[in-house]
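Okay, so here's the structure we're looking at.
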Amino acid sequence: TTEIYTLSLHDALPIYEAGLGIYISQMMALPSIFMNLALFIWAGMLLKQSRIVDLVLDVIRPWNLSPQLLTYIILIGASYGTAYTGASGIFVIAAGGVIYHEIRAAGGSKQFALAATAMSGSLGVVLRPCLLIVLIAALNKQVTTNGLYHWGFYVFLTTSTLFFIVSQLLRTERAAIESPRVALPAMFSKMVPVLPYAAVAVVIVFIYQVGLDTKLNEITAPTIMPVMLLLILIFDKVLNKGKAELTPDYASHRQDGVEKSVRYATTETIGHVGALLSLMMLSLAVGGVIERSDVMHLFPQVFDSHWTAMLFLVAVMVFPGMVMDPFGAAVLVSGTLAP
């Protein structure tokens with residue numbers, strides 16, 4: 001009886017291993033996207049080895065801001081860092097430790113600091129030139145990167161503003177801010193160490209734009225940003241040679257010298273690229289199972305208004321956003337929900 005039951009169950013629910021391979025092979029349709037992703041990850045790991053994030057936060061520290069206001073300013077700045085490192089997770093890996101330490105030092109709770117650190121790598125995914133938008137536009141011919149970036153800015157503005165309003169409503173202590181007479185001179189003095197790094201970045205962009213006729217945009221960013229971060233890292237290590245003993249505990253991963261820093265960043269990149277591609281592969285496999293299970297046919301295929309359609313999409317996409325890699329989730333959404 002057991003054998004007959006097993007055969008009947010197998011006949012009713014056949015498993016085709018090759019089918020999962022077909023869905024996973026979708027990754028091969030966009031090889032340039034994943035090459036660019038690897039370059040962005042390398043840029044993020046190079047950023048992690050430099051002191052840029054510390055120096056930028058030094059400019060804000062003289063104002064002695066409340067944790068909520070400090071977090072809002074950090075989120076605005078980190079959003080563009082996220083956009084220029086291609087994907088949300090990379091910026092959190094590169095700068096999350098510094099951001100978390102800074103918010104905790106300002107008096108923020110552990111939960112608030114963790115939430116702010118996570119959001120620092122999420123808000124910028126809708127801003128130019130984030131690679132995730134390029135992938136979505138490549139998978140959906142009905143949209144363009146310009147259109148997505150245009151409306152993405154309003155999404156970013158709405159989300160960041162709502163976060164600021166809610167954080168202020170939940171604030172229990174009095175909002176603190178230093179007097180401009182005290183803060184401004186200290187802020188300007190802290191800006192001096194940042195200016196050479198900004199000059200290096202401007203020179204690199206100028207050389208690409210004038211000398212090579214290549215503007216920094218969503219197409220060229222994956223090749224320009226690693227070069228820029230590599231030269232900035234070299235500049236940082238040469239400028240601060242012999243000052244490794246001043247490295248704070250939360251930045252103990254930073255190596256001494258150019259060769260060690262680049263090698264450490266490259267080694268980290270290899271691990272992250274392999275883990276990310278494996279996660280994307282599994283996300284595509286799960287997406288294939290969901291698509292073939294006809295679960296989406298249980299939901300309405302046509303909505304009465306765009307408001308109900310958007311409400312449905314937001315509610316449904318929260319779950320994939322919690323458990324799946326953004327790039328894998330983008331492929332899943334493009335194949336199941338977008339139509």
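Just so you know, these numbers use all the heavy atoms, side chains as well, and skip hydrogens, waters and symmetry mates. Model, not experiment: these values are computed from the prediction.
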Do any N or O atoms from the side chain of S189 and from the backbone of A186 form a donor-acceptor pair under 3.5 angstrom?
yes

Separation of Y84 OH from M228 CE (nearest 0.5 Å)
8.5 Å

Using the side chain to side chain contact (heavy atoms under 4.5 Å, CB included) rule, take F40 and I90 through it: C-alpha gap first, then chi angles, then the decisive distance, then the call.
CA-CA 8 Å; F40 270 130; I90 309 310; 5.7 Å; no

When rounded to the nearest 0.5 Å, the distance separating CD1 of I224 from CD of Q209 is 9.0 Å

Between the main-chain N or O of G257 and the side-chain N or O of E259, is there a donor-acceptor pair closer than 3.5 Å?
no

Rounded to the nearest 0.5 angstrom, the CG-CG distance for L57 and L70 is 7.5 Å

Shortest non-hydrogen contact between G124 and C130, atoms and distance
O-CB, 4.0 Å

Verify the ring-centre separation between F303 and F312: is it less than 6.0 angstrom?
yes

Nearest 0.5 Å, please: how far is CG in L233 from OH in Y197?
9.5 Å

Determine, using the 4.5 Å side-chain heavy-atom cutoff (strictly less than), whether I73 and L123 are members of one ILVMFWY cluster.
yes

Does the side chain of S79 reach to within under 4.5 Å of the side chain of L127, using non-hydrogen atoms?
yes

Shortest non-hydrogen contact between S120 and V92, atoms and distance:
OG-CG2, 4.4 Å

Between T220 (side chain only) and K215 (backbone N and O only), is there a donor and an acceptor less than 3.5 Å apart?
yes

Does L239 share a hydrophobic cluster with I234, counting links as ILVMFWY side-chain heavy atoms below 4.5 Å and allowing steps through other members?
yes

Taking T214 for the side chain and L212 for the main chain, is one N or O donor matched with an acceptor at less than 3.5 Å?
yes

Do L131 and F153 share a hydrophobic cluster (ILVMFWY, side-chain heavy atoms under 4.5 Å, transitive)?
yes

Between D236 and R254, does any side-chain N to carboxylate O distance fall below 4.0 Å?
no

Heavy-atom donor-acceptor pair, K237 side chain to Q49 backbone, under 3.5 Å:
yes

Quick one: hydrophobic cluster around Y100, which other residues, with the 4.5 Å side-chain cut-off, linked directly or via members?
L114

Using 30° and 60° as the class limits, which term best fits the ring planes of H150 and Y154: parallel, tilted or perpendicular?
perpendicular

Verdict with supporting geometry, E268 and K48, side chain to side chain contact (heavy atoms under 4.5 Å, CB included)
CA-CA 10 Å; E268 275 197 309; K48 186 179 178 182; 3.0 Å; yes

Atom CD1 in I270, atom CD1 in I41: separation rounded to 0.5 Å?
11.5 Å

With side chain to side chain donor-acceptor pair (under 3.5 Å) as the test, would you mind laying out the steps for R51 and N240 before giving the verdict?
CA-CA 10 Å; R51 301 183 310 130; N240 298 280; 2.9 Å; yes

Tell me whether the count of non-hydrogen atoms from other residues, nucleotides or ligands lying under 6.0 Å of CE in M317 goes above 12.
yes

Does any N or O in the side chain of N140 come within less than 3.5 Å of the main-chain N or O of Q142, such that one atom is a donor and the other an acceptor?
no

Spacing of T145 atom OG1 and L135 atom CG [to the nearest 0.5 Å]
12.5 Å

